[in-house]
Amino acid sequence: MYLLPVTERTPIPYEEALARIVAHVPPPKPVEVPLAEAAGRVFLDTLVADFSLPPFRRAGADGFALRSRDVEKASPDRPVRLRIVAELAAGRTYDAPLGAGEAVRLMTGTAFPEGADTLLRLEDGEVEGDTLVVRRPLPPGRDVFEAGEDIRQGEVLLRPGDFLTPGAISVLATFGRTRVRVGRRPRIGILVTGDELLAPDEPLVLGKIRESNSFMLGAQVAMLGMGAHVYGVVPDERELLYARVRSALEEVDVLITTGGVAVGDYDLIPETFRRVGGEILFDRLAFRPGQLTTVAHVDGRMLFGLSGNPGAAFVGFYIFVRPYVLAYMGLSPERALHPRVPAVLEEAIPGRRRLPVYARGCYRWEGGRIVARTLGPDSSSYLSTLVRANALLYLPAGEDLPAGTEVETVLLDVAPH
Ligand SMILES: Nc1nc2c(c(=O)[nH]1)N[C@H]1C(S)=C(S)[C@@H](COP(=O)(O)OP(=O)(O)OC[C@H]3O[C@@H](n4cnc5c(N)ncnc54)[C@H](O)[C@@H]3O)O[C@H]1N2
Ligand code: MOO
């Protein structure tokens, strides 16, 4: 039996815990997906521009292509008259070189006729029949984009390990990649333990609570654009838990559990992880919440034993599960972490912290800087502090933090606030 008194477990800091997890990320497994499904995945190829962009010299506005030297002397009193020799619809070209005294009407993005070197915007021109009246000079290059000024042929646009943002998708489309090679997403399972847990549609009875962690974690996975299989609630029963974890591991690459990590008689997760062949990477942390978070590795799969306390499970997902999932898909561990910024505390945080805390908080941009506040007492059993959390504030161990203190702030899934 694995039931260690908590005092015999060795607490480790976050960086160490993360390093142990990262050391067990398997190499990404390539899969090919249609471009329309590639956002949020990690690219495993190299995208080299096989042509320049724009591919041809083109108009930057709707108007008239002309030769700047023809209108050098144009003025309100002595306008220059040019002959409109063609009107080009989008996608059409003017094949002859533009002659002296000629202009071509075209649209934004149209290939610029040879010979022309500048553009008069539609709203600045006067048209009389097939004559364009120009009342001022125009410098060469006005509203003209040269071929290749955006992207040069041969430029490397995406490298293996790049995250596919909507912008990355647009260059993939432009360079004709309709199928892209990305890292396979892990299959994720969620399993919650506890005899006291009711389903959300069950009536409340004294001593029991409605189970929320599987829904919260499912939502956290969904925010990554992924799905999870929810294995439901498993009672605190040693053999049953063992059987359920073992069979779940046949179907998933990442199994997230909540509850059962503490030291009570029924806290069976560390023992179960061992019984299924797991190598325990850590079972105690030197910060809160989630001090007893237990993570194990088994044959390329990861078992995340998060606390049953909702606040601790919430934080544990963001600081451990999410980086692992993103790294599994091929992102480098550094890039798999949430962005961190310094934020200024809006109000004092009183009290003495024996351990550092990742406090649920809320940040916003105000007065030219990022300000943040905690959302109330940070007991890991509280749900109230989760509702509006969009950040985790790292509060070092120690004394009161006065308002105005700068704290390291982890920005979570961006949501309106
Ligand atoms: N003697 C000690 N007791 C505890 C210690 C300790 O060091 N010594 N550590 C405490 C800390 S810190 C934490 S965190 C918790 C960890 O507890 P478990 O992960 O074993 O979780 P449970 O006891 O199963 O549940 C804790 C709490 O959360 C509620 N819960 C559980 N599952 C869900 C769910 N799916 N949805 C909503 N709420 C859930 C559960 O009812 C409990 O109230 O241990 C402390 N104890
Ligand atoms: O470790 Mo527990 O600090 O309450 O989540």
Side-chain angles (χ1 to χ4, degrees), residues 2-14 17 189-202 204-221 228 230-238 240-241 244-245 255-273 282-296 303-321 351 353-360 374 376-387 389 392 394-395 397:
Y2 180 73
L3 278 182
L4 268 185
V6 70
T7 45
E8 285 182 29
R9 300 192 191 180
T10 310
I12 57 169
Y14 177 57
I190 297 170
L191 181 153
V192 298
T193 69
D195 287 340
E196 76 286 21
L197 302 176
L198 302 168
D201 56 359
E202 286 186 279
L204 285 174
V205 291
L206 185 65
K208 301 212 172 203
I209 58 162
R210 288 195 182 125
E211 186 290 286
S212 56
N213 285 348
S214 70
F215 293 89
M216 177 185 73
L217 289 162
Q220 288 176 298
V221 172
V230 178
Y231 288 97
V233 181
V234 182
D236 293 319
E237 206 260 283
R238 175 169 285 122
L240 191 56
L241 186 59
R244 297 287 286 278
V245 168
L255 184 64
I256 311 169
T257 68
T258 73
V261 295
V263 287
D265 287 350
Y266 296 101
D267 292 319
L268 299 166
I269 283 293
E271 175 197 327
T272 303
F273 284 3
F282 55 85
D283 56 11
R284 193 170 172 194
L285 297 166
F287 61 89
R288 298 185 32 246
Q291 285 174 74
L292 300 176
T293 301
T294 299
V295 174
L303 296 160
F304 290 94
L306 306 181
S307 162
N309 274 324
F314 178 83
V315 173
F317 179 88
Y318 285 126
I319 66 175
F320 293 126
V321 183
R353 285 166 306 283
R354 198 177 52 77
L355 290 172
V357 178
Y358 277 107
R360 280 85 75 201
T374 55
D378 69 21
S379 166
S380 62
S381 63
Y382 284 8
L383 293 172
S384 51
T385 51
L386 297 178
V387 184
L392 302 176
Y394 181 77
L395 312 178

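When a ligand or atom number is given, it counts from 1 through the structure's own listing order.
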Show your working on side-chain contact (heavy atoms from CB on, under 4.5 Å) between Leu292 and Ser307 and close with a plain yes or no.
CA-CA 7 Å; Leu292 300 176; Ser307 162; over 6 Å; no
So, does Asp283 use its side chain to make a donor-acceptor pair with the main chain of Arg9 at under 3.5 Å?
no
Heteroatom proximity flag, Pro310 to ligand 1, N/O under 3.5 Å
no
Nearest non-hydrogen partners of Ala313 and Leu306, listed with the distance:
O-CD1, 3.6 Å
For ligand 1, which atoms sit closer than 4.0 Å to a heavy atom of Glu196?
31 (C), 40 (C), 41 (O)
Atom 22 (P) of ligand 1: of Gly260, Ser212, Gly194, the nearest heavy atom sits on Gly260
Atoms of ligand 1 under 4.0 Å from any heavy atom of Gln291, numbered from 1 in the order shown, are 12 (S)
Under 3.5 Å, is there a donor on one side chain and an acceptor on the other for Asn309 and Ser380?
yes
Can you name the atoms of ligand 1, numbered from 1 with element, that are less than 4.0 Å from a heavy atom of Glu211?
34 (C), 35 (N), 36 (N)
Flag, side chain of Asn213 to backbone of Gly308, donor-acceptor distance under 3.5 Å:
yes
Relative to atom 34 (C) of ligand 1, which among Val261, Asn213, Ile209, Val192 owns the nearest non-hydrogen atom?
Asn213
Distance from atom 1 (O) of ligand 2 to nearest protein heavy atom, with residue and atom:
Gln291 N, 2.4 Å
Under 4.0 Å to a heavy atom of Ser307 - the qualifying atoms of ligand 1, by number:
14 (S), 16 (C), 19 (O)
Residue Pro289 vicinity, atoms of ligand 2 by number, heavy atom under 4.0 Å
1 (O), 3 (O), 5 (O)
Does the pair Thr193 and Leu241 meet the rule for a side-chain contact (heavy atoms from CB on, under 4.5 Å), with working shown?
CA-CA 8 Å; Thr193 69; Leu241 186 59; 3.5 Å; yes
Below a 4.0 angstrom heavy-atom separation, can you tell me which part of Ala312, side chain or backbone, both or neither, approaches ligand 1?
neither
Can you figure out which of Ser380, Ser381, Gly308 has its heavy atom closest to atom 28 (O) of ligand 1?
Gly308
Salt bridge (Lys or Arg N to Asp or Glu O under 4.0 Å) between Asp378 and Arg288: does it pass, once the steps are laid out?
CA-CA 10 Å; Asp378 69 21; Arg288 298 185 32 246; 3.1 Å; yes
Nearest non-hydrogen contact with atom 26 (C) of ligand 1 belongs to which option: Leu306, Asn309, Leu217, Thr193?
Asn309
Residue portion contacting ligand 1 (non-hydrogen atoms closer than 4.0 Å) for Leu292:
side chain
List every atom of ligand 2 that sits less than 4.0 Å from any heavy atom of Ala312, numbering the atoms from 1 in the order shown and giving each element.
5 (O)
Salt-bridge contact Arg238-Glu271 (side-chain N to carboxylate O under 4.0 Å)
yes
Check: Arg210 side chain, Pro200 main-chain N or O, donor-acceptor pair, under 3.5 Å:
yes
What is the nearest protein non-hydrogen atom to atom 4 (O) of ligand 2, stated with its residue, atom name and distance?
Ser380 OG, 2.3 Å
What class does the angle between the rings of Phe282 and Phe320 fall in, given that below 30° is parallel, 30 to 60° is tilted and above 60° is perpendicular?
tilted
For atom OH of Tyr382, decide whether the heavy atoms of other residues, nucleotides or ligands shown that lie under 6.0 angstrom number more than 12.
no
Would Pro289 count as a contact residue for ligand 1, given that I'm defining contact as a non-hydrogen atom of the residue lying under 4.0 Å from a ligand atom?
no
Out of Ala262, Pro310, Gly290, Gly316, indicate the one that has the non-hydrogen atom closest to atom 3 (O) of ligand 2.
Gly290
Below 4.0 Å, non-hydrogen atoms only: which portion of Leu197 touches ligand 1? Side chain, backbone, both or neither.
side chain
